[in-house]
Amino acid sequence: MSIKLNIQNASFRDYELEYVRPLVETASMLLSERTGQGHEMLGWLDLPHTYDREEFARIKAAAKRIQTQSQVLVSIGIGGSYLGARAGLEFTKGPFGNQLHTGRGVEVYFAGNNLSSSYVADLLDIIGDRDFSVNVISKSGTTTEPAAAFRIFKAKLEERYGKEGARERIYATTDKAKGALRGLAKAEGYETFVVPDDIGGRFSCLSAVGLLPMAAGGMDIDQVMMGCLDACERYQNPELLQNDSMLYAAARFLMLMKGKKVEILASYEPALVQFGEWYKQLMAESEGKEGKGLFPVSASFTTDLHSIGQFIQDGSRTLFETVLWVERARREITVPADPGNVDGLDFAAGMTLQTMNEKAMKGTLLAHVDGGAPNLVITLNELSDYTFGELVYFFWKSLAVSGYMIGVNPFDQPGVEAYKKNMFALLGKLGHEGAREALEKRLESLN
């Protein structure tokens, strides 16, 4: 196994696990038998067995074509339409993957996940005169942020290559039969891939949504799916103490019952920062309903130990940590000796930074547990395409069980629509004009 869960520093007793065992098993049964709320959105559950092999082959062929025709791929999407792919690419290639040019694919940048004009302008400058392609990802094609970005990059492609040339460089991942983007892709002749009907956005990164940008960026998506398959089979075990995904769900539930309100996903590898962003969407959109759920945040240690570390150590005892620890570094580097020893660091001369990082992790765990912040530890043997697929499925399965345990539908997100309604009214979108004046008056009163 590439993933191991350790709950010995979670500050609860064995008999407490037995108390929640019936609830965990019931939640797991609702999931496996597809009888719980949102069961129509469980396409991810057996995905490594059921995914479309023909489309998978087309994804790999399109990725090779992108690598041939371009130096840069712009992936346009928001939420689950970009978080997983970005997490995967940094997971395996590191935060400098676009700059290192290791031969593993094109540079991949992400747009359509914000409304910042500076961000888009800077990205256009980064592309410069280089050849680029676009993968626009939207089930409807009308989501504001990606729609605005796609207009900009589509116009740039057509300006540079003409409509015919642009057509060969635009790949659309969208609904299989309907929607504005599907209609545009058909009219313009873009190659298309499918956003599955039975997989929600935050569970979609191992569908065409995430696989195309990951493959174009150089990830081995066969290995990704192999890791996902092995995890899928491993986490079918109904025995709580032999199934780490169920055990993690049980541990999170016990933390919630003990008054913990916040879960911090803490990693010691900068390559996992974007995985933390993916985790936050998965947990927050799935559990944050009906006044329930743990609030998910992420932290990068040891960096954040010099900022929020004080709060974790001595602040209000409303949080616990789930530590993602990686046993083997992707690359090793050793601290050199210095005859002057001005910095007092000669105790570490000849030591690898990975060893120092491990001691920092263990020292921090002891300090935080002693300070009243329980810790769960998820250990990965390495950061690879395979372990990315494994870890994604681990969190999917555990989150689904956890959501059923607290009594919510983990697969919808009704609260996300509230900001959109107000934004559309303020922008004067057709159908929202009546609310515009009232909202503007409310904003004036707040100012």
Side-chain angles (χ1 to χ4, degrees), residues 1-6 71-72 85-110 126 214 217-220 223-224 227 264-279 298-310 312-313 321-368 375-392:
M1 292 188 297
S2 301
I3 301 172
K4 294 173 286 187
L5 174 68
N6 186 332
Q71 288 82 55
V72 174
R86 186 169 184 182
L89 286 164
E90 294 206 9
F91 189 100
T92 56
K93 298 175 70 175
F96 302 120
N98 280 334
Q99 290 78 38
L100 286 173
H101 300 291
T102 59
R104 295 182 61 192
V106 300
E107 296 177 24
V108 182
Y109 296 97
F110 296 88
I126 286 171
M214 286 193 289
M219 289 180 68
D220 183 341
Q223 281 296 304
V224 172
I264 299 176
L265 186 74
S267 66
Y268 286 76
E269 274 292 342
L272 289 170
V273 168
Q274 289 302 320
F275 191 88
E277 297 301 304
W278 176 83
Y279 145 88
S298 60
S300 181
F301 293 163
T302 61
T303 303
D304 289 334
L305 292 176
H306 295 258
S307 54
I308 63 171
Q310 172 62 40
I312 296 170
Q313 186 68 44
E321 292 171 278
T322 296
V323 177
L324 274 183
W325 172 249
V326 184
E327 289 182 315
R328 292 199 297 271
R330 185 168 49 84
R331 303 176 70 181
E332 281 285 17
I333 193 163
T334 301
V335 177
D338 185 336
N341 195 29
V342 174
D343 53 14
L345 196 64
D346 257 12
F347 67 89
M351 192 179 296
T352 66
L353 285 180
Q354 173 69 3
T355 298
M356 295 180 70
N357 209 17
E358 181 181 11
K359 303 307 180 187
M361 182 272 290
K362 291 179 177 179
T364 301
L365 186 148
L366 291 172
H368 288 182
N375 270 238
L376 310 173
V377 180
I378 299 171
T379 300
L380 312 177
N381 62 1
E382 63 183 1
L383 296 180
S384 66
D385 301 319
Y386 178 90
T387 55
F388 179 73
E390 271 191 303
L391 193 62
V392 163

Exercise for the section: For the residue pair L345 and D338, establish whether any side-chain heavy-atom pair is separated by less than 4.5 Å. Expected result: no
side-chain hydrogen bond (donor to acceptor under 3.5 Å, both in side chains) filter on S300, not counting sequence neighbours, yields none
Residue pairs meeting side-chain hydrogen bond (donor to acceptor under 3.5 Å, both in side chains), one or both in residues 301-310, sequence neighbours left out, come to Q310-D314
Between A271 and L383 the two heavy atoms that sit nearest each other are CB-CD1, 3.9 Å
Note: I308 and A299 closest approach over all heavy atoms is CD1-CB, 4.0 Å
Which pairs of donor and acceptor atoms, one on a side chain in residues 323-336, lie under 3.5 Å apart (sequence neighbours left out)?
residue, atom, partner, partner atom, Å
R328, NH2, E382, OE1, 3.1

Residue pairs meeting salt bridge (charged side-chain N to carboxylate O under 4.0 Å, His left out), one or both in residues 86-101, sequence neighbours left out, come to R86-E90
Between the CG atom in N341 and the CZ atom in F347, the distance rounded to the nearest 0.5 Å is 9.0 Å
Exercise for review: Find out whether F91 and L391 are in side-chain contact, i.e. whether some heavy atom of one side chain is under 4.5 Å from a heavy atom of the other.
Suggested key: yes
Looking only at heavy atoms, the pair that brings A266 and E321 closest together is CB-OE2, 4.3 Å
Closest non-hydrogen contact found for G217 with V108 is CA-CG2, 3.6 Å
Residues T379 and V377: closest non-hydrogen pair is OG1-CG1, 3.7 Å
Here the salt bridge (charged side-chain N to carboxylate O under 4.0 Å, His left out) pairs for residues 95-106, sequence neighbours left out, are R104-D385
Between the OH atom in Y279 and the CD1 atom in I264, the distance rounded to the nearest 0.5 Å is 8.5 Å
- Is the shortest heavy-atom distance from the side chain of I312 to the side chain of F301 under 4.5 Å? yes
>> Taking Y268's backbone N and O only, do any of them form a donor-acceptor pair with N357's side chain (distance below 3.5 Å, no angle check)?
In response: yes
- So do the side chains of F275 and S267 get within less than 4.5 Å of each other, counting heavy atoms only? no
With no hydrogens and no angle check, is any side-chain donor or acceptor of D220 less than 3.5 Å from a backbone partner on V224? no
Open item on the list: Show, in sequence, the C-alpha distance, side-chain angles and deciding distance for I3 and I378, and conclude whether the side-chain contact (heavy atoms from CB on, under 4.5 Å) test is met.
Closed with: CA-CA 7 Å; I3 301 172; I378 299 171; 3.7 Å; yes
Output for pair (N6 CG, L365 CG), nearest 0.5 Å, gives 8.0 Å
Interatomic distance, CG@L272 vs CH2@W278, rounded to 0.5 Å, equals 12.0 Å
What one should report as the nearest heavy-atom pair of P95 and P270 is CG-CB, 4.1 Å
Salt bridge (charged side-chain N to carboxylate O under 4.0 Å, His left out) pairs touching residues 339-358, sequence neighbours excluded, are E358-K362
Taken to the nearest 0.5 Å, the spacing of Q223 CD from T387 OG1 works out to 10.0 Å
